Number of protein chains: 2
Amino acid sequence: MTTLPDAANDCPPSPLSLAGMKVACSNCNLRELCMPVGLSDQEIERLDTLITTRRKIKRKTPLFRTGEKFHALYAIRTGVFKTSVTAEDGRDQVTGFQMAGEIVGLDGIVNDQHTCDAIALEDSEVCVLPFDRIGELSREVGALQHHLHRVMSREIVREHGVMLLLGTMRAEERLAAFLLNLVQRLQARGFSRSELVLRMTRQEIGSYLGLKLETVSRTFSRFAEEGMLEVHQRLVRIVDVERLRKVLAQQPGSTF
Amino acid sequence: MTTLPDAANDCPPSPLSLAGMKVACSNCNLRELCMPVGLSDQEIERLDTLITTRRKIKRKTPLFRTGEKFHALYAIRTGVFKTSVTAEDGRDQVTGFQMAGEIVGLDGIVNDQHTCDAIALEDSEVCVLPFDRIGELSREVGALQHHLHRVMSREIVREHGVMLLLGTMRAEERLAAFLLNLVQRLQARGFSRSELVLRMTRQEIGSYLGLKLETVSRTFSRFAEEGMLEVHQRLVRIVDVERLRKVLAQQPGSTF
DNA sequence: CGAAAAGTTGATTGTCTTCAAAACTGGTGG
DNA sequence: CCACCAGTTTTGAAGACAATCAACTTTTCG
């Protein structure tokens with residue numbers, strides 16, 4: 001084992017200009033979704049100067065792991081990740097699924113080391129955003145500073161939503177909310193709003209939703225029986241969005 | 001109703017220097033816990049210049065509410081707050097309990113309006129930190145910039161912990177984790193590490209922990225029967241911390 | 001192709017919720 | 001000062017939902 005732990009499972013960092021074509025935020029097709037949102041062309045060029053490396057992460061391998069030193073945020077270029085935390089006793093909880101344009105690694109800032117694992121669910125690629133340099137630049141570029149704050153605040157708000165889901169919803173509602181959130185984000189990225197390929201297992205969905213994998217499977221089957229979905233393993237077609245949305249509205253006994 | 005919604009339920013903002021004694025971060029006893037952490041004396045003085053108002057919030061009244069425009073973060077000086085989110089159908093979920101030195105309002109940054117309610121559980125007082133001025137100053141004071149990032153990152157990590165709790169723990173474990181977290185934070189503020197007065201109802205604890213109030217009450221009773229706690233309504237004495245900690249370790253069927 | 005991983009489905013169990021009633025607390029007004 | 005009342009808490013009994021245990025099928029990947 002002569003390689004660093006980080007390098008063991010993924011391809012070596014590659015300079016961006018490798019292929020001759022300059023790969024930078026300025027001409028990235030995720031411009032509208034990712035870090036450069038709200039920045040002027042000039043400001044994006046400055047952002048380009050600090051994003052000097054990308055990393056390819058193979059399926060099932062970690063982008064980072066709990067306990068590793070924090071030094072960068074990562075903007076996902078392609079692929080999907082899951083993040084998960086682990087209790088002392090080994091239980092773990094998937095805290096999110098991230099896709100193109102989304103930022104992972106924010107957990108590492110507070111104690112200068114990561115407190116969750118980020119694992120690629122398919123072969124993926126990320127842009128490395130060295131955090132100290134982001135900090136420096138955001139002192140000069142107000143729009144970047146504000147965008148960074150918004151990214152962090154958005155994550156806090158997202159997690160509030162997950163807490164609501166985990167704290168108050170029943171299995172059917174959780175799965176409906178999960179699917180609706182997923183297609184909504186996929187649609188924003190140009191994919192179908194009715195068809196999706198799940199990149200995660202029933203187990204991982206269950207972990208995220210606070211359910212056992214059998215319950216996830218059964219709930220999929222029930223939705224299919226009722227004609228709301230067509231489910232063929234990882235491939236899900238949403239047949240009746242409206243009814244799926246209504247699953248969220250109808251709770252058994254209101255608390256009020 | 002000629003008053004602004006904000007002013008209806010709480011005392012008017014008061015200039016800090018009212019009583020002659022200058023009230024500022026520089027001589028605040030929460031210096032070590034709150035916003036000034038890691039700042040030099042000089043930097044704290046600069047921080048003082050932008051913290052010009054405090055607000056007193058009466059028990060059961062809101063510091064802010066969902067939908068209100070965001071313009072400031074709030075550092076809690078005295079008292080305890082709960083934050084909660086509400087679904088379209090009315091269900092709500094307590095997302096946290098905050099005490100002296102902690103910052104609330106981070107949820108408002110992303111969309112420039114608050115997405116949760118912050119309600120005082122007892123008569124409380126907060127320092128108002130106008131967010132645009134925090135932004136300005138943190139461009140000049142690196143330590144403040146980094147501290148702000150850490151505060152937001154810490155909140156993200158805390159919420160990961162809550163997700164783990166809600167997604168994987170049983171009622172006893174949830175309540176044990178809740179109590180241990182609470183005394184730990186109280187102890188850091190100079191209170192007893194074995195005795196605590198709950199400022200929230202069983203209902204609110206239940207909402208936070210994803211349990212019904214009856215379950216919370218029953219679990220308290222069980223802990224008391226087993227000699228781990230003494231419970232007299234809101235007053236809780238932790239008799240056997242070790243055993244309370246062990247509740248967290250022992251899960252029924254390990255997933256592994 | 002074959003082994004391992006992932007997914008489905010059924011029967012049973014357990015934990016928490018729901019529904020209900022009673023006891024306690026703190027604040028208000030007679 | 002005490003009675004009263006609303007809000008809170010406790011406790012019991014019954015029911016619901018998801019977990020568990022188990023068997024089997026399907027898919028994936030080396």
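None of the values given here were measured: they were computed from a predicted structure.
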Q: If you check the A:T201 side chain, which of D:dA19, C:dG7, D:dT10 turns out closest?
A: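 When the side chain of A:T201 is considered, C:dG7 is the closest of D:dA19, C:dG7, D:dT10.
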
Q: Whole-Å distance between C:dC16 P and B:M169 CE?
A: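 The distance from CE of B:M169 to P of C:dC16 comes to 13 Å, rounded to the nearest Å.
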
Q: Any side-chain N or O of A:S217 less than 4.0 Å from the OP1 or OP2 oxygen of C:dT8?
A: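 Checking A:S217 against C:dT8: at least one side-chain N or O falls below 4.0 Å of OP1 or OP2.
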
Q: What's the NE2-P distance between B:H232 and C:dG26, to the nearest Å?
A: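 Going from B:H232 (NE2) to C:dG26 (P), I get 13 Å.
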
Q: Closer than 4.0 angstrom, basic N to acidic O: yes or no for B:E173 and A:R91?
A: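 The answer is yes: the pair qualifies as a salt bridge.
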
Q: Considering only side-chain heavy atoms of B:R234, which listed nucleotide, D:dA18, D:dT9, C:dG7, is closest?
A: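 So the side chain of B:R234 is nearest to D:dT9.
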
Q: Does C:dT8 have OP1 or OP2 under 4.0 Å away from a side-chain N or O of A:R202?
A: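 Yes, A:R202 has a side-chain N/O under 4.0 Å of OP1/OP2 on C:dT8.
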
Q: In whole Å, I'd like the distance from the CD atom of B:E173 to the C1' atom of C:dT15.
A: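 Result: 12 Å.
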
Q: Just compare D:dT8, C:dT9, C:dA6 and give me whichever is closest to any side-chain atom of B:K60.
A: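 Of the options given, the side chain of B:K60 lies nearest D:dT8.
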
Q: Run the salt-bridge test on B:R65 and B:E68 with the 4.0 Å N-O cut-off and return the result as yes or no.
A: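 Answer for the salt bridge query: no.
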
Q: Tell me which nucleotide among C:dT9, D:dT10, C:dT18 gets nearest to the side chain of B:S221.
A: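 Of the candidates, D:dT10 comes closest.
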
Q: Quick one: the side chain of B:R218 and the base of C:dT18, do they pair up donor-acceptor inside 3.5 Å?
A: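 Flag set: donor-acceptor pair detected.
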
Q: Heavy-atom nearest nucleotide on DNA chain D for B:V231 versus A:Q233: which residue maps closer to 5'?
A: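 The 5'-side residue here is B:V231.
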
Q: Could you tell me how far apart A:K212 (NZ) and C:dT15 (P) are, to the nearest whole angstrom?
A: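 Taking atom P of C:dT15 as the reference, NZ of A:K212 is at 14 Å.
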
Q: Looking only at the side chain of B:E214 (C-beta and beyond, no hydrogens), which of the listed nucleotides C:dC19, D:dT9, D:dT20 gets closest?
A: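 Minimum distance to the B:E214 side chain belongs to C:dC19.
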
Q: Could A:R185 and A:E102 be called an ion pair, given the rule that one side-chain N must be under 4.0 Å from one carboxylate O?
A: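 Judged by the 4.0 Å cut-off on N to carboxylate O distance, A:R185 and A:E102 do form a salt bridge.
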
Q: Nearest to the B:R170 side chain among C:dA6, D:dT9, C:dC16, which nucleotide is it?
A: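 That would be C:dC16.
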
Q: Is it true that B:R222 and B:E172 make a salt bridge, defined as a side-chain N closer than 4.0 Å to a carboxylate O?
A: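 Salt bridge flag = yes for B:E172 with B:R222.
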
Q: Whether the side chain of B:R222 and the base of D:dT10 hold a donor-acceptor pair under 3.5 Å is what I'd like checked.
A: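 No, no donor-acceptor pair under 3.5 Å.
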
Q: What is the distance from CD of B:E172 to P of C:dC16, rounded to the nearest Å?
A: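 Spelled out: CD on B:E172 to P on C:dC16 is 8 Å.
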
Q: Indicate yes or no: does B:E204 engage B:K82 in a salt bridge with an N to O separation below 4.0 Å.
A: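 Salt bridge between B:E204 and B:K82, a charged N being under 4.0 Å from a carboxylate O: yes.
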
Q: B:L235 CG to D:dT9 C1': how many Å, rounded?
A: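 From B:L235 CG to D:dT9 C1': 15 Å.
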
Q: Let's see if you can work this out: which of D:dT20, D:dT10, D:dC29 has an atom nearest to the side-chain heavy atoms of A:R59?
A: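 Closest nucleotide to the A:R59 side chain: D:dC29.
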
